[in-house]
Participant: 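Questions regarding the structure given below will be posed in turn.
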Amino acid sequence: TLDLNFPVYVGKNLLLSGGIKYTDEQFYFEDHEPPGYPLYESLNDRNLKKLGGSLNGICHLKGNRSFIFRTSFYLAGDFYRSDSQFSAERILKSTIAVGYGIKKNENTFYAFGIYAGYTFGQPSIYPAFIYSKRFNNGIGFEAALPQSIKIWKKKSAICHRAWRANSGSA
């Protein structure tokens, strides 16, 4: 997996970040019963790839309030199949989440909003809750429920200080 995140714009009240992600994985199924199971047959010895990007932003409003958004667009699957059942519509995964956030203190942020997604031909929409907690050693925790839970660590002290100064959330 190659995952690169980078700042796009850093302003007084607006912070935009982008990302590019590429994943390549391959599965081999041996000695599984039943041997003709369709899942094993369709995934065995296939290069499954995920290629896409994201754009995330936070717009600071008055006081400790913010408007946040997150978007991502990925193609996920076996791109080299010529079979009609693997059209772009069937391998596209896209999401958008928007919310209203409150910065409780320098290290804690939470938001409420809506998450909408399109995964492999199936649209979805549901309410979302985001909770972000940063610790002084550069480690952080983020839950974007029901979508994901992440634990991360900042690699660069310079980037960490700049990010703390300009952001209200992860």
Side-chain angles (χ1 to χ4, degrees), residues 1-25 48-77 79 87-170:
T1 297
L2 175 64
D3 191 359
L4 176 64
N5 295 297
F6 49 88
V8 173
Y9 176 80
V10 178
K12 182 178 177 183
N13 292 322
L14 181 64
L15 175 66
L16 296 176
S17 66
I20 298 171
K21 186 171 187 173
Y22 174 78
T23 302
D24 188 350
E25 57 189 347
L48 300 177
K49 299 180 183 326
K50 184 175 182 180
L51 174 65
S54 63
L55 181 65
N56 306 302
I58 183 166
C59 178
H60 295 287
L61 304 172
K62 291 183 179 183
N64 63 346
R65 313 299 174 158
S66 299
F67 173 75
I68 63 169
F69 72 91
R70 297 175 180 189
T71 61
S72 67
F73 299 92
Y74 294 99
L75 294 176
F79 300 156
S87 64
E89 175 186 289
R90 301 228 0 159
I91 61 175
L92 176 66
K93 180 176 183 179
S94 61
T95 64
I96 183 165
V98 295
Y100 179 75
I102 300 168
K103 186 176 180 181
K104 185 176 176 184
N105 58 41
E106 182 180 333
N107 297 311
T108 307
F109 180 86
Y110 55 93
F112 305 92
I114 293 180
Y115 170 88
Y118 181 85
T119 303
F120 310 134
Q122 299 296 316
S124 62
I125 186 166
Y126 42 87
F129 172 73
I130 297 170
Y131 176 78
S132 176
K133 177 73 174 174
R134 294 177 292 178
F135 302 96
N136 289 331
N137 59 3
I139 293 176
F141 169 81
E142 180 176 312
L145 303 174
Q147 180 191 12
S148 66
I149 294 176
K150 297 178 187 177
I151 296 175
W152 45 264
K153 173 145 178 68
K154 289 285 182 190
K155 298 281 186 183
S156 166
I158 294 170
C159 183
H160 181 68
R161 283 193 301 273
W163 178 75
R164 277 188 165 284
N166 289 305
S167 74
S169 77

Participant: Could you walk me through whether Ile20 and Phe6 satisfy the side-chain contact (heavy atoms from CB on, under 4.5 Å) test, starting with their C-alpha distance in whole Å, then the side-chain angles of each, then the deciding distance to 0.1 Å, before giving a yes or no?
Facilitator: CA-CA 9 Å; Ile20 298 171; Phe6 49 88; 4.1 Å; yes

Participant: Between Ser66 and Gly101 (side chain of the first, backbone of the second, donor and acceptor by atom type, cut-off under 3.5 Å), is there such a pair?
Facilitator: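 Not confirmed, Ser66 side chain does not pair with Gly101 backbone.
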
Participant: So, taking the atom named NZ in Lys104 and the one named OG in Ser132, what distance separates them when rounded to the nearest 0.5 Å?
Facilitator: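 OG of Ser132 is found 13.0 Å from NZ of Lys104.
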
Participant: Less than 4.5 Å apart, any side-chain heavy atom of Phe69 and any of Leu16?
Facilitator: yes

Participant: List the steps and the verdict of side-chain contact (heavy atoms from CB on, under 4.5 Å) for Asn56 and Thr71.
Facilitator: CA-CA 6 Å; Asn56 306 302; Thr71 61; 5.6 Å; no

Participant: Side chain of Arg70, backbone of Tyr115: donor and acceptor closer than 3.5 Å?
Facilitator: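 Here the side-chain-to-backbone pair does not exist.
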
Participant: For the atom pair CD (Glu106) and CZ (Arg134), what is the distance rounded to the nearest 0.5 Å?
Facilitator: 7.0 Å

Participant: Is it the case that more than 12 heavy atoms not belonging to Leu14 sit under 6.0 Å from its CG atom?
Facilitator: yes

Participant: Looking only at heavy atoms, what is the nearest atom pair of Ile68 and Ala111, with distance?
Facilitator: CD1-CB, 3.7 Å

Participant: Measuring from atom CZ of Phe73 to atom CG of Leu92, what distance do you get when rounded to the nearest 0.5 angstrom?
Facilitator: 8.0 Å

Participant: So, do Val98 and Phe67 sit near enough that their side-chain heavy atoms are less than 4.5 Å apart?
Facilitator: yes

Participant: Taking it one step at a time, do Ile96 and Tyr118 satisfy side-chain contact (heavy atoms from CB on, under 4.5 Å)?
Facilitator: CA-CA 9 Å; Ile96 183 165; Tyr118 181 85; over 6 Å; no

Participant: Which value, rounded to the nearest 0.5 Å, describes the distance between Tyr74 atom OH and Thr23 atom OG1?
Facilitator: 8.0 Å

Participant: What's the shortest heavy-atom distance between Gly18 and Val8, and which atoms?
Facilitator: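 Taking Gly18 first and Val8 second, the nearest heavy atoms are N-CG2, 3.5 Å.
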
Participant: Minimum heavy-atom separation for Asn105 to Thr108, with atom names?
Facilitator: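 Closest heavy-atom pair between Asn105 and Thr108: OD1-N, 2.9 Å.
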
Participant: Atom OG1 in Thr95, atom CD1 in Ile125: separation rounded to 0.5 Å?
Facilitator: 12.5 Å

Participant: Can you tell me how far apart CZ (Phe135) and CZ (Phe141) are? Round to the nearest 0.5 Å.
Facilitator: 8.5 Å

Participant: Evaluate Ile102 against Arg65 for side-chain contact (heavy atoms from CB on, under 4.5 Å), listing each step before the verdict.
Facilitator: CA-CA 5 Å; Ile102 300 168; Arg65 313 299 174 158; 2.8 Å; yes

Participant: Assign the ring pair Phe112 / Tyr110 to parallel, tilted or perpendicular, where the plane angle (0 to 90°) is split at 30° and 60°.
Facilitator: perpendicular

